[in-house]
Protein chains: 2
Amino acid sequence: MTNKQANSTSQSIAAHLEQMILDGSLAPESKIPSERQLSSRLGVSRAIVREALHELHGRGMIETRHGKGSFVSCVVPQVDESTPLMQLYIGHSRTLYDLFEVREQLEGQAAALAAERATEQDQYRIRKAFETMEAADPLTNAELDHAFHRSIVEASHNPVLLHVLNSLKSLMLDSVQAAVMNLAHRKAFKQQIDRHHRQIYHAVISRQARWARKAAMAHVRHVSESLRQIEEQEKHLIRAALDQREVESA
Amino acid sequence: MTNKQANSTSQSIAAHLEQMILDGSLAPESKIPSERQLSSRLGVSRAIVREALHELHGRGMIETRHGKGSFVSCVVPQVDESTPLMQLYIGHSRTLYDLFEVREQLEGQAAALAAERATEQDQYRIRKAFETMEAADPLTNAELDHAFHRSIVEASHNPVLLHVLNSLKSLMLDSVQAAVMNLAHRKAFKQQIDRHHRQIYHAVISRQARWARKAAMAHVRHVSESLRQIEEQEKHLIRAALDQREVESA
DNA sequence: AATTACGCACTGGTCGGACCAGTTTTTTGT
DNA sequence: ACAAAAAACTGGTCCGACCAGTGCGTAATT
């Protein structure tokens, strides 16, 4: 299905192993056959096997310990529901916050411009998006939240801004988006976010550019820091789990 | 900072290359030195280099083409200048000012972050770029001006910011760049620009983030408005010419 | 006999050289 | 001058060797 064997041996072997891992043929924490074993069984040189393994390591699916072997490191056994989250951007979490740093500026600018330049039509759209979002079920408002912000960016009447923000958003992995949305599950966060949305809305509608910028920036920053908190918590959980496991295996 | 060199050679080489990519030392789409070259330059075997490259490939930071080489595949997707949408807008002067509007924010943020996060090495680079620029012949300092701004953006240590600003800059047509440079011909503008540069430089070096942001934003805004003025003047000239023609043909 | 220590048989990590296969540049023969 | 052949790149694959951690079983020591 997703068999892209693209370039060649090492690639296809990596894909093959990945498939086995995702299938569950290779359970998490289970030991992967040794390099020499794979090499002879697959009829390729050991170098190729090593390249394939490094490829998987790059994706964080594998961990290798000198003298012991390589092990599947699917952190969370849960199929593919809620928490492959961390693993994806765990190595790049820094970049994620860099991204928020940029977004903070641009969303702020967008809100300010929207307050200044929104036409009546824009204001109508913003109002509609806002009301729809407020009335909606908190669990399903991912799209609506997005639509609200989008309506504001569009009201800024700056295509470059729109374009850049779009590509930044598409940069965020779905998992991260999901995580952001999961903030809504925590009542305190949800309320804070709602408050921010209201502030942004009113500021833009009442054409108070300065306030709009401030509110939008605060909003992005809040989301970013909330995410950071969650990451910190999960890191602790993971570490705790690992410690626990080591205790058990000791 | 995030330098986990953990296991060994291939890992640390991968990390090193990743750093270079994120830093912008290796621009997107740029060719990475050949495996044999890296191998000899880093003093390790080619196999190790290959493993490091595969690691990066696994993370999607690299693409490799047989017989050609390996290439940085933009971590931060380029703000597509090729997208049909942008294609339409490019060239419209209105879009140009939208662009400056965005740049104003981002350059400001970059300067502020640079003031906060610049290492000694960064400061040295910035100082060198600044002094070189000041000492240079005003007519040929297009490159140097660019280098100065770049050194500051790099000192912000935010790869997303770096890449976005890079792609924005590439959006500006050469003609525009030339026009900006032509501002230097007018003594008043030139002096103002120099003053801005000095302010930015001193603010960043003395770690005054707020001031740095303000200066950088003022700088971009000034350039933008100067350009607008020039355009206005030229428009008058053109209109005058057109009127003249109509008179003649009447 | 129990315990320690050594050593062998694993594991991954690194090396160098060889060769194949695409791509680009240079040379060369008409 | 031009087109074809050749040389000089590039990455892709293989081999065989050796080093370095790890673990286990056996032999030496107590």
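Every chain is numbered from 1 and lettered A, B, ... according to where its sequence line falls, protein lines coming before strand lines.
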| 5' to 3' on DNA chain C, which nucleotides open and close the contacts with chain A (atom under 4.0 Å from a heavy atom)? | C:dT11 to C:dT14
| Between D:dT13 and A:Ser8, is there an OP1 or OP2 to side-chain N/O distance shorter than 4.0 Å? | yes
| Polar contact flag, side-chain donor to acceptor under 3.5 angstrom, B:His157-A:Asp98 | no
| task | Take the angle between the ring planes of B:Phe130 and B:Phe148 and call it parallel below 30°, perpendicular above 60°, tilted in between. | result | tilted
| request: Looking at every strand, decide which applies to A:Arg46 at a 4.0 Å heavy-atom threshold: base, sugar-phosphate, or nothing. | output: base
| request: Please report, rounded to the nearest Å, how far the P atom of D:dG12 is from the CD1 atom of A:Ile48. | output: 9 Å
| request: For B:Glu35 and D:dG12, give me the distance from atom CD to atom C1', rounded to whole Å. | output: 8 Å
| said: Between B:Lys169 and B:His149, is there a side-chain donor-acceptor contact under 3.5 Å, judged purely by atom types and distance? | reply: no
| Toward the 5' end of DNA chain C, by each residue's nearest nucleotide, B:Ser45 or B:Arg36 | B:Ser45
| query | For D:dT10, does OP1 or OP2 lie under 4.0 Å from any side-chain N or O of B:Gln37? | reply | yes
| Between A:His54 and B:His57, is any side-chain donor less than 3.5 angstrom from a side-chain acceptor? | no
| field | Atom-to-atom span, CZ of A:Arg50 to C1' of D:dC15 - whole angstrom | value | 15 Å
| Presence of salt bridge, A:Arg50 and B:Glu51, under 4.0 angstrom | yes
| field | A:Arg59/A:Glu18 under salt bridge (Lys or Arg N to Asp or Glu O under 4.0 Å): CA gap, chis, key distance, verdict | value | CA-CA 10 Å; A:Arg59 298 184 209 175; A:Glu18 180 177 359; 2.4 Å; yes
| field | Rounded distance in Å - CG (B:Leu38) to C1' (D:dC9) | value | 15 Å
| So which one's nearest nucleotide on DNA chain D is more toward 5', A:Gly43 or A:Gly67? | A:Gly43
| request: Please tell me which of A:Lys68 and A:Ser10 maps to the more 5' nucleotide of DNA chain D, matching each residue to the nucleotide holding its nearest heavy atom. | output: A:Ser10
